[in-house]
Amino acid sequence: MSRRKGCAYIWERKDTRVLWLCRYVNKKPVRVSTGLPDTKQNRLFLNRNAESEFWRIALEQGKVEPDQIPNNSSLSIIMQQDPAMPKLREYGEYTLNATLSGRSTKTQQDVKKKFNRICLYFGDETPINSITATMIAEWQTKLSQGKVSYQNGKPYSNKTIINYRSVLNTILSAAVDDGLIQRNPMESRIAKAPRIIKKIPTVYSLEEIRALLESCRHYAKNARNFQTEWAWKQMFYMLKLGFFTGLRSGELIALQWHDINFDQNYIHVQRRIRDGDEDLPKGYKKRFVDLLPQAKEVLKTQQLLTGLKSKWVWLTYQGNPYSSTDSLDEMFKKACRHAGVKVGKFYNMRHSFATLMIENGMSESWLIQNTGHVDISTTRDYYFGKIKPNLDAINKLVV
DNA sequence: CCGATTTCAGCCTTGGGGCC
DNA sequence: GGCCCCAAGGCTGAAATCGG
């Protein structure tokens, strides 16, 4: 480590386990205890921040006077002026590239985009150690009010703010680990993550599902051309299958005939389609889903439509597999409006499936196996709508 | 084991092309 | 002109993983 003249440096003291800093002030040595234990990380930190830490502690302990700080600069200026301190843009890019292996391509793109916006707000050239908890708190508030330049006045939800925080947090916690800063300002009380309130998922009852299916039939019957008729016919069966298997919509459109075992009554879920990309299902986990009689019936019928034509279970009217779930969602909403039920999403079939299965006495362990969750808390948190009590049983409780 | 964080995937919007 | 399919970007819900 360099002991530049007129700069603070780590002072070795054999009799203590904490690190000290020393600096010549008016030609006299001033020594302060940092209170930090002698660890590799603390040494790294103090080597990088000797000057600013020295002044901060020495002022706090009254060992120097404010007017002794060189160049009459304030403490905050000294902290920002350290030429060795990496800048936000440079260090952030380095960190995000270094940690890229854990993310998928799409996620990495998302992260980079968020990072660019973070730089736009905080400034490319902002030294890492000058981002304060207050600045972060202010940023979050502005995001929630839609007052940041790239938002066009659109307020961000708490969830979105948390996702943006996550990117900055990755960078700042790396900065702590690398010894650039002592603590992560995001962990400060005033810069805490906003709260999110968990919603009860939208769930359709059996009657509502029937009405939705009826709407699909209606649109297929009254179609003025082949493509519309075909699309709604597919929708009819997809909806039914989604409701009786609980598959994710991306998994549903990716089904191939060889995934289905009609003899042993299961579906091997091993694929997912998103934005035209084929990949393993979420969490990179394949699973087996029980083929309930109602689902089996749907697939037997669908087999007559596409079984000989293609390896894919579901086809567009052009004879290709669906490249995304977009049109499904659009048609689902249309069906909701026609059926006069609450307008939801195709994914709610999955929630409805889970709720119905629990109401009808299937075990939670069966359910997590079929939904492919790692533990039951996910299922409980996200999947159950309002579960109807079994009034028949309750009414028998007479005292 | 549970809440917080991080990552992945669905949803929403815009827009274009093709078909009937 | 209405309807469906497809693409792409950004927001946010779903769900795994982390960390205490």
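The analysis underlying the following values was restricted to heavy atoms, covering all of them including side chains, and did not include hydrogens, waters or symmetry mates. Note on naming: letters A, B, ... go to the chains in the order of the sequence lines (proteins, then strands), and numbering restarts at 1 for each one.
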Worksheet entry | Short side-chain N/O contact to dA7(C) OP1/OP2 from S323(A), under 4.0 Å | yes
Worksheet entry | Salt bridge flag under 4.0 Å for residues E208(A) and K342(A) | yes
Discussion item. So if I take every side-chain heavy atom of K154(A) and compare against dC11(B), dG2(C), dT12(C), which nucleotide ends up nearest?
Written reply: dT12(C)
Discussion item. If the cut-off is 4.0 Å, is R248(A) near the phosphate of dA15(C), judged by side-chain N/O to OP1 or OP2?
Written reply: yes
Practice prompt. Anything under 30° is parallel, anything over 60° is perpendicular, the rest tilted; go ahead and classify F346(A) against F332(A).
Written response: perpendicular
Discussion item. Whether R117(A) contacts dC11(C) is assessed here as follows: a side-chain N or O lying under 4.0 Å from the phosphate OP1 or OP2. Is that the case?
Written reply: yes
Worksheet item: Is the shortest side-chain N/O distance from R274(A) to OP1 or OP2 of dC8(B) below 4.0 Å?
Response: no
Discussion item. Other residues, nucleotides and ligands only: do more than 12 of their heavy atoms fall within 6.0 Å of OH on Y94(A)?
Written reply: no
Response to the item:
Closest of dG10(C), dA7(C), dT6(B) to the D326(A) side chain is dA7(C)
Worksheet item: Is the phosphate of dC3(C), meaning OP1 or OP2, less than 4.0 Å from a side-chain N or O of W230(A)?
Response: no
Worksheet item: Which sits closer to the 5' end of DNA chain B, F226(A) or F346(A), going by the nucleotide each is nearest to?
Response: F346(A)
Discussion item. If I take atom CZ from residue F122(A) and atom CZ from residue R117(A), how far apart are they, to the nearest 0.5 angstrom?
Written reply: 14.5 Å
Worksheet item: Base, sugar-phosphate alone, or nothing: which one does K159(A) contact when heavy atoms must sit under 4.0 Å apart?
Response: base
Worksheet item: For A193(A), which contact category applies under a 4.0 Å heavy-atom criterion: base, sugar-phosphate, or nothing?
Response: sugar-phosphate
Worksheet item: If each of Q227(A) and G344(A) is mapped to the nucleotide of DNA chain B with the nearest heavy atom, which maps nearer the 5' terminus, i.e. the 5' end?
Response: G344(A)
Worksheet entry | Near-strand residues of residues 309-319 of chain A, defined as heavy-atom separation under 4.0 angstrom from DNA chain C | T316(A), Y317(A), Q318(A)
Item to complete: State whether T107(A) places a side-chain N or O below 4.0 Å from either non-bridging phosphate oxygen (OP1 or OP2) of dT7(B).
Response: no
Practice prompt. Have a look at the helix from dC1(B)-dG20(C) to dC20(B)-dG1(C) and give the angle its two end axes make, five pairs each, rounded to 10 degrees.
Written response: 20°
Practice prompt. Give a yes/no answer on whether the side chain of Y156(A) brings an N or O atom under 4.0 Å of OP1 or OP2 in dC11(C).
Written response: yes
Worksheet item: Does a nitrogen or oxygen in the side chain of N225(A) sit under 4.0 Å from OP1 or OP2 of dG2(C)?
Response: no
